[in-house]
There are 2 protein chains.
Amino acid sequence: MEFFDCISLAKAQTLINNVLPECTTAVEETELIEALGRIVAEDIAAADHLPPFNRSTVDGYAVLSRDTFSAGEGAPVMLDIIGEVFMGQSADYTIVSGQAVIVPTGGMLPAGADGVVMLEHAEQSDQETLLVVKPIAPGENMVAKGEDIKPGTVFVAAGTRLTAAEIGALAACGIARVKVRRRLTVGIISTGDEVVDVIAVPENGQVRDINSYTLAAMLTAADCQVTRYGITKDNYADLLAAIGKAAGENQLVLVSGGSSVGARDHTVQVIEELGRNKVIFHGLAVRPGKPTIFGLIDHVPVFGLPGHPVAAMTICQMVVMPLVSRLQGSGSCKAGWRIPARLTRNCASAPGRDDFLRVKLIWQAGEYRAEPVLGKSGLISVMTQADGVVHVPADSSGLYAGDVVLVEVMREA
Amino acid sequence: MEFFDCISLAKAQTLINNVLPECTTAVEETELIEALGRIVAEDIAAADHLPPFNRSTVDGYAVLSRDTFSAGEGAPVMLDIIGEVFMGQSADYTIVSGQAVIVPTGGMLPAGADGVVMLEHAEQSDQETLLVVKPIAPGENMVAKGEDIKPGTVFVAAGTRLTAAEIGALAACGIARVKVRRRLTVGIISTGDEVVDVIAVPENGQVRDINSYTLAAMLTAADCQVTRYGITKDNYADLLAAIGKAAGENQLVLVSGGSSVGARDHTVQVIEELGRNKVIFHGLAVRPGKPTIFGLIDHVPVFGLPGHPVAAMTICQMVVMPLVSRLQGSGSCKAGWRIPARLTRNCASAPGRDDFLRVKLIWQAGEYRAEPVLGKSGLISVMTQADGVVHVPADSSGLYAGDVVLVEVMREA
């Protein structure tokens with residue numbers, strides 16, 4: 001008994017990609033130290049050379065490398081020490097053949113020097129005389145000015161989500177403020193005549209709202225700015241008001257619940273009315289997640305997600321998140337790391353339908369095992385025990401115990 | 001030329017574990033919706049049954065399953081429909097043999113019913129008469145009260161870092177406020193006579209501060225409360241004042257830089273003076289990261305990290321983070337997911353020393369390749385191009401191209 005025609009996951013992804021632009025979020029500036037997790041809005045290029053001067057990588061003596069070529073344990077090369085460079089100070093020397101200058105690790109090389117003899121490979125016979133016992137190659141034990149990065153080099157690309165590494169690179173290049181994408185605003189609505197808030201004591205027939213909490217957490221973790229619009233009853237007027245408000249105030253709206261046929265119809269009708277018939281699809285050949293709805297209200301994408309919490313989370317991760325990533329300006333649909341793991345049991349899957357199997361990862365005998373987290377009813381355990389999701393594509397009739405699958409992780413190890 | 005005796009990574013980890021208690025952070029309460037990423041302070045048990053009533057998982061008819069055992073396409077079983085249950089409403093019926101009640105997906109089952117016949121497998125010949133054409137087993141198409149979770153069951157353990165899944169589970173169980181560990185306070189100091197802040201234009205011999213940015217970002221990402229104490233010159237008095245202040249105001253202190261011998265000595269001397277000789281180790285047989293210092297000032301752990309940014313990040317991830325995790329109450333030393341990947345080139349490693357090799361992960365031909373990110377000088381590229389770290393243990397003399405290694409990821413895919 002089908003209430004609507006399901007479309008394939010691939011078709012749904014194409015439809016979503018086709019109707020929405022690459023990025024809708026505006027640009028804002030943020031302090032570098034606040035920029036962790038933000039998405040860079042423009043390519044960032046270095047303004048100067050890095051390092052800004054020839055820099056020693058060891059404690060030792062700056063020299064002309066060719067002066068050392070003949071040096072050996074039994075045949076030291078004698079050089080004149082003409083001075084010392086201190087950390088953070090300019091090297092106000094120019095050395096010529098036969099001369100050396102003392103430099104610390106990270107110190108500036110004097111003009112003329114093209115390498116550094118390590119402390120270990122030389123000996124000062126007196127304050128002004130150095131005996132070098134090992135040759136160095138040109139450029140040895142130093143980093144040349146601009147060797148790491150040259151002016152104009154793009155070292156952080158637009159769309160990058162900033163981690164500690166890029167923040168360090170930006171600091172190195174003197175970029176104290178960064179142009180980033182404004183956080184995507186997302187409105188979340190829970191629906192259902194049976195749904196009550198977490199603080200309520202459910203009466204007979206009622207259950208507490210789960211989806212607005214899980215969805216808010218997932219979108220917050222993806223650096224969105226989330227507004228929860230509470231719980232709406234399964235009737236047309238209430239849903240019309242709630243979705244209209246959320247779509248007017250956000251760049252993306254997620255409506256979850258309404259697992260009954262009538263409630264699904266309400267969501268579809270609201271999108272039809274507010275969006276002027278812009279229901280893009282209604283029903284996915286995906287398990288879990290069949291009763292998924294997608295449409296546009298003006299230019300705001302609206303998803304109707306399943307009421308079942310595991311299904312809502314799965315569709316959020318697999319269908320909504322790639323769009324979020326794109327709307328945030330973070331390149332094309334990005335997935336998390338996929339961890340190869342050996343399946344511990346057979347898992348049937350109907351051909352023609354994409355299945356998302358939640359699994360627990362167990363490290364054992366030098367590899368990960370993927371243990372399916374099953375149970376018709378084990379809502380809490382399916383939610384809390386799963387580490388990630390395995391995608392069983394539509395052309396597969398299932399997976400066998402021992403198969404190596406790819407697990408998209410959803411949580412820390 | 002060794003300035004200090006290096007100890008092994010394993011020995012260092014044992015010393016760190018032995019001198020510090022499991023957890024130092026106090027407990028505080030937070031709203032559930034704010035709890036993402038926080039660490040749960042106590043085991044959390046369910047107060048009630050979940051679901052709180054026998055609940056239908058389909059649209060259909062609640063019945064006594066044994067009434068249907070003889071049903072078949074050619075031999076329908078006739079039942080009396082005595083009413084309908086609506087979503088979110090109490091099922092104020094008790095059914096006996098021969099009776100059925102209409103129930104929606106998620107609706108409450110009436111007393112007496114032990115299963116639900118799907119709409120598809122029955123037909124209403126009139127408003128009060130149902131013809132069932134397929135038998136159901138006891139418990140079919142329903143979740144029994146408490147079948148998912150029973151009162152007293154611990155469903156989120158102390159030490160868990162909350163993700164969307166646990167937040168949903170807590171919402172389901174009516175837990176609107178959660179006892180979590182207070183954020184670990186971490187003080188970060190950069191040192192070096194050559195180091196200037198990101199907003200400065202470095203003069204000859206100077207470089208910009210990188211480490212206080214990368215370390216702050218890493219600790220912030222790990223849900224710590226970070227205070228940066230700016231840049232301190234490499235002299236004993238300044239370092240004494242800065243470390244003393246940071247240790248007085250935080251639960252963990254990271255001092256980075258001071259890559260010259262004298263600067264390292266200052267950090268050691270400050271810990272000796274303020275901590276009354278509690279320098280625990282000084283020098284690690286690890287690359288990168290040899291000049292790592294660890295000690296205690298009162299009960300506050302203090303790390304002296306290398307000045308080289310990649311080395312500082314590596315030691316922070318591999319040595320400091322497991323301690324952070326433990327101080328936060330998040331169980332024993334946790335690592336990130338390790339992704340098996342095939343090394344693309346040979347990498348030598350000195351036996352007796354643990355090496356941490358930064359690699360880029362490339363998905364190719366159905367597996368990950370781990371491409372070492374090398375370069376004596378490529379500071380920025382080593383920082384921004386690496387996706388993770390491979391640990392080459394002390395008893396290994398290196399890795400070969402084609403070896404499958406485990407990559408601890410440091411960033412999103």
Side-chain angles (χ1 to χ4, degrees), chain A residues 1 33 36 51-53 87-90 104-106 108 119-120 143 147-149 155 161 163-169 171-172 174 176 193-194 198-199 202 204-206 208-210 213-214 216-218 220-221 259-260 309 334-337 339-340 377-380 383-384 409 411-413, chain B residues 1 33 36 52-53 87-90 104-106 108 119-120 143 147-149 155 161 163-169 171-172 174 176 193-194 198-199 202 204-210 213-214 216-218 220-221 259-260 309 334-337 339-340 377-380 383-384 409 411-413:
Chain A
M1 188 168 190
I33 196 70
L36 181 69
F53 48 84
M87 280 302 277
Q89 306 285 314
S90 184
T105 303
M108 181 176 177
L119 278 185
E120 293 87 321
V143 184
E147 187 177 335
D148 191 6
I149 194 161
F155 65 102
R161 194 181 290 274
T163 68
E166 286 86 25
I167 287 176
D193 289 338
E194 80 284 21
V198 62
I199 55 170
N204 263 340
Q206 297 182 331
R208 292 197 186 88
D209 174 29
I210 298 178
Y213 286 87
T214 53
M218 292 175 80
T220 301
S259 52
S260 70
K334 289 172 74 175
W337 294 111
I339 294 183
S377 58
L379 174 62
I380 298 302
M383 288 175 74
T384 60
V409 294
R411 60 165 70 238
E412 291 186 1
Chain B
M1 188 169 189
I33 197 68
L36 181 69
F53 48 83
M87 279 302 278
Q89 306 285 314
S90 184
T105 304
M108 181 175 175
L119 277 185
E120 293 88 320
V143 184
E147 188 177 335
D148 190 7
I149 194 161
F155 65 103
R161 194 181 289 274
T163 68
E166 286 86 25
I167 287 176
D193 289 338
E194 80 284 21
V198 63
I199 55 169
N204 264 339
Q206 298 181 332
V207 292
R208 293 197 186 87
D209 175 29
I210 297 178
Y213 286 87
T214 53
M218 291 175 81
T220 301
S259 51
S260 70
K334 290 171 75 176
W337 294 112
I339 294 183
S377 58
L379 175 62
I380 297 302
M383 288 175 75
T384 59
V409 294
R411 60 166 69 239
E412 290 185 3

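Letters A, B, ... mirror the listed sequences (proteins, then strands); counts begin at 1.
Most heavy-atom pairs under 4.5 Å with chain A, from the set B:Pro309, B:Gly174, B:Pro340: that is B:Gly174. The residue among B:Ile33, B:Thr214, B:Thr220 with the most heavy atom pairs within less than 4.5 Å of chain A is B:Ile33. In terms of heavy-atom pairs under 4.5 angstrom with chain B, the leader among A:Ile199, A:Thr384, A:Ile149 is A:Thr384.
In this structure, CG in B:Asn204 is found 13.5 Å from CD in B:Glu194, a value given to the nearest 0.5 Å. With rounding to the nearest 0.5 angstrom, the CD1 atom of A:Ile167 is 11.5 Å from the CE atom of B:Met218.
In this structure, chain A has heavy atoms under 4.5 Å from both the backbone and the side chain of B:Phe155. Residue contact with chain B, scored on non-hydrogen atoms closer than 4.5 Å, involves the backbone and the side chain of A:Ala172 alike. For a residue to count as touching a neighbouring chain, one of its non-hydrogen atoms must lie under 4.5 Å from one of that chain's; by this rule A:Gln89 touches chain B with the backbone only. B:Glu166 touches chain A through backbone and side chain together, each having a heavy atom under 4.5 Å away.
Side-chain N or O atoms of B:Asp148 include one that pairs as donor or acceptor with a backbone N or O of A:Leu379 at under 3.5 Å.
Closest heavy-atom contact between A:Ala164 and A:Leu36: N-CD1, 4.1 Å. Closest of all the heavy-atom pairs between B:Gly106 and B:Met87 is C-SD, 3.9 Å. Contact detail for B:Pro202 and B:Arg208: the closest heavy-atom pair is CD-NH2, 3.5 Å.
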